[in-house]
Amino acid sequence: QKEVEQNSGPLSVPEGAIASLNCTYSDRVSQSFFWYRQYSGKSPELIMSIYSNGDKEDGRFTAQLNKASQYVSLLIRDSQPSDSATYLCAVQPGNTGKLIFGQGTTLQVKP
Amino acid sequence: SQTIHQWPATLVQPVGSPLSLECTVEGTSNPNLYWYRQAAGRGLQLLFYSVGIGQISSEVPQNLSASRPQDRQFILSSKKLLLSDSGFYLCAWRVGPNEKLFFGSGTQLSVL
């Protein structure tokens, strides 16, 4: 079982729709969770961080964390073509220094 | 403000040649430093991380090594490159465990 799993996609949504990206993790004592966006040929950029159960909203983005079910999700409201990218979920397992990334989900927003 | 510098942006090396990639962070002290590799169409693979000078944790034993000779400097090396070493190499930093990770601009390495 991979430590962090994401559906590779592509996930295709029409412009203006809500995009829902999901991520599951294996380490029950994971403490920190992050979502990154990566455009082709570029380095990842941080979108959201979440540390406790529930929802966290920042503009059009909402991160959701459920530690009991070991999943974290990212919702993008009013999706725009510029949101087309690969979204990476990152999890810190236990009290370690490392940060593990999922394979990423490719999002395509069609005008 | 903190900044991270990584160079070169692109590199083409023959099989069997050595490698040295350097990364420096400005504007912070004692950062946690990371090297990741991303093969074409793949996710980010953690190679090494360091929580302090001289402290290196290796996640994927292979023909790569890392060193941290100074507080804000992280170097990725190889004595002899393999074809499978090709990929996008990313240096990253954060102030400590559980904190946000910030990436450099990356080095696209092609081994031919």
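All heavy atoms count here, side chains included; hydrogens, waters and symmetry mates do not. Computed from a predicted structure; not experimentally measured. Below, read A as the first sequence line, B as the second, and so on, with proteins coming before strands; counting in each chain starts at 1.
B/Leu46 and A/Phe33 fall within the same hydrophobic cluster, where Ile, Leu, Val, Met, Phe, Trp and Tyr residues are linked whenever their side-chain heavy atoms come under 4.5 Å apart, directly or through other members. No continuous path of hydrophobic side-chain contacts links B/Val12 to B/Leu109 [ILVMFWY only; heavy atoms under 4.5 Å]. Cluster annotation: A/Leu46 is connected to A/Ile76 through the hydrophobic network of ILVMFWY side chains, with a link wherever side-chain heavy atoms come within less than 4.5 Å. A single hydrophobic cluster is seen to contain both B/Val95 and B/Phe74, as judged by linkage of ILVMFWY side chains at heavy-atom distances under 4.5 Å, directly or through other members. Criterion: ILVMFWY side-chain heavy atoms under 4.5 Å apart, direct or through other members. Under it, B/Val15 and B/Leu21 are part of a common hydrophobic cluster.
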Let me see the donor-acceptor pairs closer than 3.5 Å between chain A and chain B, or none if nothing turns up.
unit_1	atom_1	unit_2	atom_2	d
A/Gln31	OE1	B/Asn98	ND2	3.1
A/Ser32	OG	B/Asn98	OD1	2.5
A/Tyr36	OH	B/Leu101	N	3.2
A/Tyr36	OH	B/Leu101	O	2.6
A/Gln38	OE1	B/Gln38	NE2	2.9
A/Gln38	NE2	B/Gln38	OE1	2.8
A/Ser43	OG	B/Gly104	O	3.0
A/Tyr51	OH	B/Asn98	O	3.0
A/Gln92	OE1	B/Arg94	NH1	2.9
A/Gln92	OE1	B/Arg94	NH2	2.6
A/Gln92	OE1	B/Asn98	N	3.1
A/Gln92	NE2	B/Asn98	OD1	3.3
A/Gly97	O	B/Tyr34	OH	2.2
A/Gly97	O	B/Arg94	NH2	3.0
A/Lys98	NZ	B/Glu59	OE1	3.4
A/Leu99	O	B/Tyr36	OH	2.5

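Of the atoms belonging to B/Leu44, heavy atoms from both backbone and side chain fall under 4.5 Å from chain A. Of the atoms belonging to A/Leu99, heavy atoms from both backbone and side chain fall under 4.5 Å from chain B. For a residue to count as touching a neighbouring chain, one of its non-hydrogen atoms must lie under 4.5 Å from one of that chain's; by this rule B/Leu101 touches chain A with backbone and side chain alike.
Of the listed residues (B/Gly106, B/Ala92, B/Gly43), the greatest number of heavy-atom pairs within a distance under 4.5 Å of chain A belongs to B/Gly43.
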